S.K.: 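Got a structure for you, written out below as structure tokens; questions coming shortly.
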There are 2 protein chains.
Amino acid sequence: MARRTRAEAEATRESLLDAAEQVFYDKGVARATLQDIARTAGVTRGALYWHFKDKADLFGAMLERVRMPLEDLIDAIPAGERSESVLETLRMASLLALGQMEQPRIRRIHSIIIHRCEVFGEFDPVAMLRELSESASANTLELFRQARDNDELVAEVDAETANQTFHCILRGLLHHWHLDTDAYSLSETGTRLINQWFELIGKASLKPAARPGS
Amino acid sequence: MARRTRAEAEATRESLLDAAEQVFYDKGVARATLQDIARTAGVTRGALYWHFKDKADLFGAMLERVRMPLEDLIDAIPAGERSESVLETLRMASLLALGQMEQPRIRRIHSIIIHRCEVFGEFDPVAMLRELSESASANTLELFRQARDNDELVAEVDAETANQTFHCILRGLLHHWHLDTDAYSLSETGTRLINQWFELIGKASLKPAARPGS
DNA sequence: TTCAATATACATTCATGGATGTATGTTAAA
DNA sequence: TTTAACATACATCCATGAATGTATATTGAA
């Protein structure tokens, strides 16, 4: 066909990324063919090869599109200025994060990363996950240390172990939820687990109020 | 080549499964070719097609080979007769499980399932993971309920939430470890996390002894 | 403002390889 | 002799990537 205007070109690029998301989700990254993706987007492989070098490039661009909200979500945790206590800030931030993970777009991307792609030539999604994990862990560790310095933690726990357990619970919950996202509500179950754990590690004297609900 | 004796045939079948493990681990299930696997096993694709229907069948057989030890590991948890308290039994069983997961064979299989395969035609590894998870969760839930009935749990926690948190911590830790298995020792870090959590959920009056080490 | 000149945004076609599955050959065990 | 346990050979398919075609958008100069 003929040349499109710049706005139209950007639109086809976006529709290719949308199509990639859908096809990767439906068939897995390896079994997804560029033909499938182009057809889903309503164009030919020619268009795809114009906008992206190959499947790895397309995959990377697809992740890039949601990396910002994902990283914002992590960096936003310290942004919630310590309203009452640092632990309370962490607790509320993690509940917020769980809510984000139920959004369809984020959920689909997570599902692709967790269950629908594998080590992939030069491109290694595991490395990306590792980086995200490291950065998130470093951020919250700082907060757990503040909590310890503020004497908000019970005697049995240290900041480092608490931080690790915190991320393990969240990660474990996310992975279990992705085994069957229709089985239960991530945010509801997550809220229950997180609240109970924070109740255990926080000193009773510093609790904001008795939560009578169940 | 010539016809082999039954024992030799079984040996080539085993070597094909060994080769599948290695090649799946190295290149991922999708990018692994049956040619690679046969070559690694020192035979041709003819032998592979004699023993297995196709790649999915081979993959299933590979998992079948370690399913028993994996399920034994889960079912063995209640087998550790309640020595002192139910919680103590659970704690020790989980530490045992972490140790098993560091064994090279189990580690490789886990790595393949977690990072090196994706949804796969009729064969769905996610469904298998879901079943294993359900069965393990049901087993331990019964024990957490016993612990509650024995009044071993602090007032803040209920059996159901404790069970979920327990599995989330273990699952989250396993997944994080598999991002870089050389970064730390799974059993050492796991012991620290698990011990601290059990200390939090168990009543102090029932603690077997003060663990002075750190 | 207008109009070549050129870059852009694709579609189409082609060459290639590589993976799969099956059919058939071969040889020694049973 | 028959058949199990492979090896070899073959046909088919299909995904990739690059090459080429093409019509329009954009731009700079006059």
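Source: prediction; values computed, not measured. Residue numbers start from 1 in every chain, and the chains themselves are labelled A, B, ... in the order their sequence lines are given, proteins ahead of strands.
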S.K.: Provide, to the nearest angstrom, the distance between the NZ atom belonging to K53(A) and the C1' atom belonging to dA18(D).
M.R.: 12 Å
S.K.: How would you label the contact of R45(B) with the nucleic acid (heavy atoms, under 4.0 Å): base, sugar-phosphate, or nothing?
M.R.: base
S.K.: State which of dT20(C), dC10(C), dT13(C) makes the closest approach to the side chain of Y49(B).
M.R.: dT20(C)
S.K.: Counting side-chain heavy atoms from C-beta on, which of dA7(D), dA30(C), dC6(D) comes nearest to W50(B)?
M.R.: dC6(D)
S.K.: Taking all atoms of both residues into account, what is the closest heavy-atom pair of C168(A) and L193(B), and its distance?
M.R.: SG-CD1, 3.9 Å
S.K.: Could you state the CZ-C1' distance from R39(B) to dT8(D), rounded to the nearest angstrom?
M.R.: 15 Å
S.K.: Could you tell me whether the phosphate oxygens of dA5(D), OP1 or OP2, come under 4.0 Å of any side-chain nitrogen or oxygen in H51(B)?
M.R.: no
S.K.: Given that R6(B) and D36(B) both sit by DNA chain C, which one's nearest nucleotide is further toward the 5' end?
M.R.: D36(B)
S.K.: Quick check for you: among dT20(C), dA9(C), dA5(D), whose closest atom lies nearest to any side-chain atom of L34(B)?
M.R.: dT20(C)
S.K.: Output the single nucleotide from dA11(C), dT26(D), dA9(C) whose closest atom is nearest the side chain of T5(A).
M.R.: dT26(D)
S.K.: Of all the nucleotides listed (dA5(D), dC10(C), dT16(D)), which has the minimum atom distance to the side chain of R4(B)?
M.R.: dA5(D)
S.K.: What is the separation between atom CZ on R31(A) and atom P on dA19(C), rounded to the nearest whole Å?
M.R.: 15 Å
S.K.: Taking only the side-chain heavy atoms of D54(B) (C-beta and beyond), determine which of dA4(D), dA7(D), dG21(C) contains the nearest atom.
M.R.: dG21(C)
S.K.: Has S15(B) got a side-chain atom pairing as donor or acceptor with T12(B)'s backbone, closer than 3.5 angstrom?
M.R.: yes
S.K.: Between dC6(D) and T12(B), is there an OP1 or OP2 to side-chain N/O distance shorter than 4.0 Å?
M.R.: yes
S.K.: I need the CD-P distance between Q35(A) and dC10(C), as an integer number of Å.
M.R.: 17 Å
S.K.: Taking any heavy-atom pair under 4.0 Å as a contact, classify T44(B): base, sugar-phosphate, or nothing.
M.R.: base
S.K.: Which nucleotide, dA5(D), dT16(D), dA11(C), lies nearest any side-chain atom of A9(B)?
M.R.: dA5(D)
S.K.: Between P on dG17(D) and NZ on K55(A), what's the gap in Å once rounded to a whole number?
M.R.: 9 Å
S.K.: Which residues pass the salt bridge (Lys or Arg N to Asp or Glu O under 4.0 Å) test with K55(B), sequence neighbours left out?
M.R.: none
S.K.: Figure out the CG/C1' separation between L16(B) and dC6(D), and round it to whole Å.
M.R.: 11 Å
S.K.: Ignoring hydrogens and angles, write down the donor-acceptor pairs under 3.5 Å from the side chains of residues 38-48 of chain B, residues two or more places apart or on other chains.
M.R.:
residue : atom : partner : partner atom : Å
T40(B)  : OG1  : D36(B)  : O            : 2.8
T44(B)  : OG1  : G46(B)  : N            : 3.3

S.K.: Is there a donor-acceptor pair closer than 3.5 Å between any side-chain N or O of E21(B) and the backbone N or O of I109(B)?
M.R.: no
S.K.: Measure from CD on E8(B) to P on dA29(C) and round the result to the nearest Å.
M.R.: 8 Å
S.K.: Between P on dT22(C) and CZ on F52(B), what's the gap in Å once rounded to a whole number?
M.R.: 17 Å
